[in-house]
Amino acid sequence: MGDVSRRSGLPAKTIRYYEDIGLIYPQRSENGYRSFREQDLHKLAFLGRARTLGFTIETCRALMALYEDEGRESAQVKRIAEEHLAQIDEKITQLQSMRDTLDQLVHACAGDHRPDCPILKDLARNTTDKNIGEPVVRR
């Protein structure tokens, strides 16, 4: 397993997990030892790269099926990648909004010996406030 881990770039635990969920099927000897073929290493590298790009396990399963299907159309793969890219863009927008709000709160907080703290006030706001995404900042 160590050699397969080194060659694929994936931790042994991840390789075992991929086997457990049926993403890979290494051959087994009579005594139960895994025997990885070159194609298994290619699949592991493929999965590692896909996971690095943030694809979910289920999307990796779909991509692997397309990878192995010589009759596939690249449009299918592109659609999956575009959907994933849209999800990433949405997450970036959410994170930027979080960052901007927190940045405003940090700059509004004196950070001194006084108990007044805009950060805590913002966190304690009623969650039914209509302006929930906007910080409460005193000037």
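Residues: numbered from 1 along the sequence shown. Nothing here was measured: the structure is a model prediction, and the numbers come from that model.
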Task: Residues Arg61, Glu58: salt bridge by 4.0 Å N-O rule - done: yes
Open item on the list: Could you check whether any side-chain heavy atom of Phe36 comes within less than 4.5 Å of a side-chain heavy atom of Ile24, counting everything from C-beta outward?
Closed with: yes
Open item on the list: Grouping I, L, V, M, F, W and Y whenever their side-chain heavy atoms are under 4.5 Å apart, do Leu85 and Leu53 come out in a common cluster?
Closed with: no
Task: Enclosure of Arg49 CZ (heavy-atom neighbours >12, cutoff 6.0 Å) - done: no
Task: CZ on Phe55 to CE on Met64, rounded to 0.5 Å - done: 12.5 Å
Task: Gap separating the CD atom of Gln94 from the CD atom of Glu90, nearest 0.5 angstrom - done: 5.0 Å
Task: Val77-Phe46 co-clustered via ILVMFWY side chain contacts under 4.5 Å - done: yes
Task: For Leu44 against Ser8, the heavy-atom pair lying closest together - done: CB-CB, 3.7 Å
Task: Side-chain heavy-atom pair Arg28, Arg34 within 4.5 angstrom cut-off - done: yes
Open item on the list: I'd like to know if Ile57 and Ile15 are part of one continuous hydrophobic network [Ile/Leu/Val/Met/Phe/Trp/Tyr, side-chain heavy atoms within less than 4.5 Å].
Closed with: yes
TODO: May I ask you to test the Leu66-Ile80 pair for a side-chain heavy-atom distance under 4.5 Å?
DONE: yes
Task: Close side-chain approach of Thr56 to His84, heavy-atom, < 4.5 Å - done: no
Task: Minimum heavy-atom distance between Cys60 and Arg51, given as atom pair plus value - done: SG-CD, 3.6 Å
Task: Expected output: side-chain Ser97 to main-chain Thr93 donor-acceptor under 3.5 Å - done: no
Open item on the list: Looking at every non-hydrogen atom in both residues, tell me the closest pair between Arg72 and Asp69 and how far apart they are.
Closed with: NH1-O, 2.9 Å
Task: Non-hydrogen side-chain atoms of Leu41 and Glu38 separated by less than 4.5 Å - done: yes
Task: Note, Met98 side chain near Leu102 side chain (heavy atom, < 4.5 Å) - done: no
Task: Where Gly48 and Leu10 come nearest, the two heavy atoms and their spacing - done: CA-CD2, 3.7 Å
Task: Any side-chain heavy-atom pair of Asp100 and Gln96 under 4.5 Å - done: yes
Open item on the list: Using 0.5 Å steps for rounding, measure from the CD atom of Glu73 to the CZ atom of Arg79.
Closed with: 11.0 Å
TODO: Answer yes or no: is there an ion pair linking Asp40 with Arg37, defined by an N-O contact shorter than 4.0 Å?
DONE: yes
Task: Between SG on residue Cys109 and CG on residue Asp122, distance to nearest 0.5 Å - done: 11.5 Å
Open item on the list: Just verifying a value: how many Å separate Ile119 CD1 and His107 NE2, rounded to the nearest 0.5 Å?
Closed with: 11.0 Å
Open item on the list: Looking at Arg114 and Asp112, is any side-chain nitrogen of the basic one under 4.0 Å from a carboxylate oxygen of the acidic one?
Closed with: yes
Task: Flag side-chain contact, heavy atom, 4.5 Å: Tyr17 against Ile21 - done: yes
Task: Minimum heavy-atom distance between Ala12 and Ser5, given as atom pair plus value - done: N-OG, 3.6 Å
